[in-house]
Amino acid sequence: MATIFGIQIGSKFPSTKKYEAWLDKTQADYERFTAFENSELLRRYRELDALIHSGEFEKKVRELKTLRYKDTPQWHQLNQYKALRSSSDIKSYFKYLKSGKLERMRQIEASSSYKEYIELKNYINSTEFIAAKAHKDFKTSDAYAKFRTFKTLSKQADIKFYNSTASRQEYKTVIKLEDSERLKGFFELENTIKSQEFQDHKAFMEDRKRFEKSEEARLINEFKLLQKNEEIKWFFEKEKKNPFTDIKKWKLTFEENFDAISLDTGRWMTGYYWGKALINENYVPANEKQFFTDRNIELRESMARITTRQEEARGKVWDLTMGFIPHQFNYTSGLISTGRSFRQKYGKFMAKVRFSATYPAVSAFWMAGEKITPHIDIVKTAYKKGDNIECGVYMNEGKELAKRTHKVNGATFKNEFYIYTCEWSPEAIIWKINGHEVARETKHIPNEAMYLSFCTILPEEPAAGTLPATMEIDWVRCYEAVQA
């Protein structure tokens with residue numbers, strides 16, 4: 001960690017400035033990453049990536065680049081059509097069709113004269129007519145009248161033309177071809193060849209720049225442009241390095257940046273929770289020399305500042321034998337907590353904090369539940385010099401108080417901002433400073449929801465000239481573990 005963020009001068013811990021910048025950038029990058037992960041631009045990139053690298057698409061591209069028109073089914077259709085069109089029988093068919101003879105034959109067939117002629121012809125060839133013809137009164141019979149009409153029709157030019165044409169081999173060939181699958185196939189091919197789709201395909205295949213003009217080339221070019229897109233390049237670089245492993249483990253549950261003009265009293269109460277709960281007033285234990293007032297808490301430059309000063313105040317103390325009793329104080333300080341607004345069991349709890357004085361001005365970032373214990377000190381200035389702080393946990397185990405505290409050195413904490421973190425799970429409590437682990441507890445683990453508190457107290461009379469003292473909180477963030 002230290003090699004990543006550099007060492008703060010006079011400290012074994014990573015630089016607060018660089019660590020905070022890393023935290024902020026990682027969070028911003030993660031939000032940017034997750035937002036872009038669902039973007040339309042990335043969806044299109046993935047869609048094109050899958051399409052362009054599919055076997056079917058690559059095969060199509062190879063064909064466009066190498067396939068000759070002669071190798072296509074369309075060329076074979078065109079060649080077949082040309083062969084049929086050049087064949088003697090089909091040429092004769094169209095020549096005959098062009099002459100108008102076939103059309104004339106169809107018109108004659110559809111005429112009433114021809115229909116009557118055929119009807120009479122069938123009658124003349126019938127046994128009925130033969131019998132009538134053999135009768136002595138034939139010439140006066142209806143049969144004879146029909147025979148005369150038949151002879152007259154036979155001499156008509158159209159019928160003579162029809163009979164003459166129908167007997168010729170040329171006409172018989174044309175009629176045979178007209179009803180054949182061969183001619184039907186020719187016309188089907190002709191319709192295909194003359195279609196706009198076929199003509200477009202022919203022109204496309206004969207174009208030497210057909211690939212550059214193809215839809216496949218357009219898609220490839222679109223994909224190449226997306227590959228150069230800075231947002232997409234950044235996304236895949238982050239995806240490859242996977243820098244969000246830790247941040248994905250946590251979900252933000254509480255955040256305070258103190259950007260308002262005054263303290264949000266809907267989130268923060270300004271005294272010990274038990275006093276507000278029991279008597280709706282501030283109080284301090286009998287061993288503390290300061291009294292908490294709201295005047296000692298101010299918001300400036302996006303920070304909450306708790307000032308401990310020498311001044312008289314009237315308030316209450318809690319005495320084990322006498323209870324809550326009035327008391328005159330010579331010192332004042334401040335406390336803020338989320339006792340009424342926010343509590344959480346397990347998670348990660350962070351704050352960026354600076355204090356200007358050490359013991360007997362004890363500044364602390366701590367957590368507690370409904371009672372005095374369990375209690376977790378995330379940071380406490382419990383030592384006289386500014387190069388040591390304390391973290392620890394206090395729990396009742398039966399009738400005994402289990403106290404596990406850790407003295408942390410390695411930096412001049414006084415007058416410097418540090419980011420203090422407590423990671424609390426059923427398995428362990430881990431304390432960190434600027435991301436660097438400083439203590440771990442695996443035996444005494446609270447298992448109830450706790451709230452946050454920040455305060456400065458005076459367990460002893462301070463020396464003259466040591467006040468005022470300040471504790472500044474730049475920001476607070478709490479997280480809960482994301483369930484896998």
Side-chain angles (χ1 to χ4, degrees), residues 23 250-285 288 290-300 302-308 333-355 362-381 391-395 418-425 429 431-432 445-457 470-481:
L23 285 175
W250 303 104
K251 177 185 176 182
L252 185 70
T253 54
F254 180 91
E255 182 175 24
E256 178 63 83
N257 294 300
F258 302 108
D259 292 328
I261 296 174
S262 59
L263 190 71
D264 183 354
T265 55
R267 304 186 93 184
W268 299 98
M269 56 189 298
T270 54
Y272 286 124
Y273 168 76
W274 305 286
K276 296 287 186 180
L278 294 173
I279 60 174
N280 198 31
E281 289 185 50
N282 272 351
Y283 84 99
V284 296
E288 294 182 8
Q290 87 298 325
F291 187 68
F292 296 131
T293 78
D294 291 357
R295 299 189 309 275
N296 295 67
I297 303 165
E298 64 175 340
L299 265 58
R300 291 181 66 86
S302 293
M303 289 187 289
R305 182 178 290 125
I306 297 173
T307 303
T308 305
S333 188
L335 179 151
I336 61 174
S337 88
T338 63
R340 286 178 174 173
S341 64
F342 173 78
R343 299 186 184 204
Q344 185 171 302
K345 179 180 176 181
Y346 307 134
K348 179 163 69 171
F349 307 87
M350 308 174 69
K352 183 183 177 185
V353 178
R354 176 170 66 185
F355 44 85
V362 177
S363 297
F365 168 26
W366 51 280
M367 299 173 66
E370 195 64 28
K371 299 180 180 180
I372 295 175
T373 58
H375 176 110
I376 298 175
D377 282 332
I378 299 175
V379 58
K380 182 168 72 174
T381 61
C391 58
V393 58
Y394 303 80
M395 293 184 66
Y418 282 90
I419 297 169
Y420 300 96
T421 302
C422 171
E423 293 182 9
W424 167 32
S425 70
I429 303 172
W431 290 267
K432 295 181 179 181
I445 312 295
N447 63 354
E448 64 181 84
M450 304 176 82
Y451 59 86
L452 314 174
S453 292
F454 297 85
C455 67
T456 302
I457 65 170
T470 59
M471 178 185 188
E472 295 170 302
I473 307 108
D474 192 350
W475 51 257
V476 185
R477 296 170 191 162
C478 304
Y479 304 83
E480 65 180 6

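The basis for the numbers below is simple: all heavy atoms, side chains too, and nothing from hydrogens, waters or symmetry mates.
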Within the structure provided, determine whether Glu370 and Arg343 are in side-chain contact (heavy-atom separation under 4.5 Å).
yes

Do Cys422 and Ile429 have side chains that approach each other closer than 4.5 Å (heavy atoms only, starting at C-beta)?
yes

How many angstroms lie between atom [atom1] of [X] and atom [atom2] of [Y], to the nearest 0.5 angstrom?
X      : Y      : atom1 : atom2 : answer
Phe342 : Glu255 : CZ    : CD    : 11.5 Å
Arg305 : Asp474 : CZ    : CG    : 11.0 Å
Lys348 : Ser425 : NZ    : OG    : 13.0 Å
Thr338 : Glu256 : OG1   : CD    : 10.5 Å
Ser453 : Ile376 : OG    : CD1   : 12.0 Å
Ile457 : Met471 : CD1   : CE    : 11.0 Å

Between Asn296 and Thr307: side-chain donor-acceptor atoms closer than 3.5 Å:
no

Could you tell me whether the side chains of Gln290 and Thr308 share a donor-acceptor contact shorter than 3.5 Å?
no

Is there a side-chain contact (heavy atoms from CB on, under 4.5 Å) between Asp264 and Phe258 once you walk through the steps?
CA-CA 8 Å; Asp264 183 354; Phe258 302 108; over 6 Å; no

Exercise: identify the closest heavy-atom pair between [X] and [Y]:
X      : Y      : value
Trp424 : Met450 : CH2-SD, 3.5 Å
Met350 : Tyr479 : SD-CE1, 3.9 Å
Glu480 : Thr253 : CG-CG2, 3.5 Å
Pro374 : Met395 : CB-CG, 3.9 Å
Leu299 : Leu263 : CD2-N, 3.8 Å
Phe349 : Cys478 : CD2-SG, 3.6 Å

Please say whether more than 12 non-hydrogen atoms of neighbouring residues, nucleotides or ligands are located less than 6.0 Å from CD1 in Ile372.
no

Give the ring-plane orientation class for Trp366 versus His375, where under 30° counts as parallel, over 60° as perpendicular and anything between as tilted.
parallel

Mutual orientation of the aromatic rings belonging to Tyr451 and Tyr273 [parallel < 30°, tilted 30-60°, perpendicular > 60°]
tilted

Which residue in the set Trp475, Phe454, Trp431, Tyr418 passes ring-ring contact (aromatic ring centres under 6.0 Å, His included) when paired with Phe365?
Phe454

Could you check, using the six-membered ring where one of them is a Trp, whether Tyr272 and Phe292 have ring centers closer than 6.0 angstrom?
yes

Test item: Ser363 side-chain N/O and Thr381 main-chain N/O as donor-acceptor pair under 3.5 Å:
no

Find out whether the Lys NZ or Arg CZ of Arg267 is both under 6.0 angstrom from the six-membered ring centre of Phe254 and within 45° of the ring's axis.
yes

The single option from Leu335, Ile473, Thr270 that satisfies side chain to side chain contact (heavy atoms under 4.5 Å, CB included) with Ile306 is Ile473

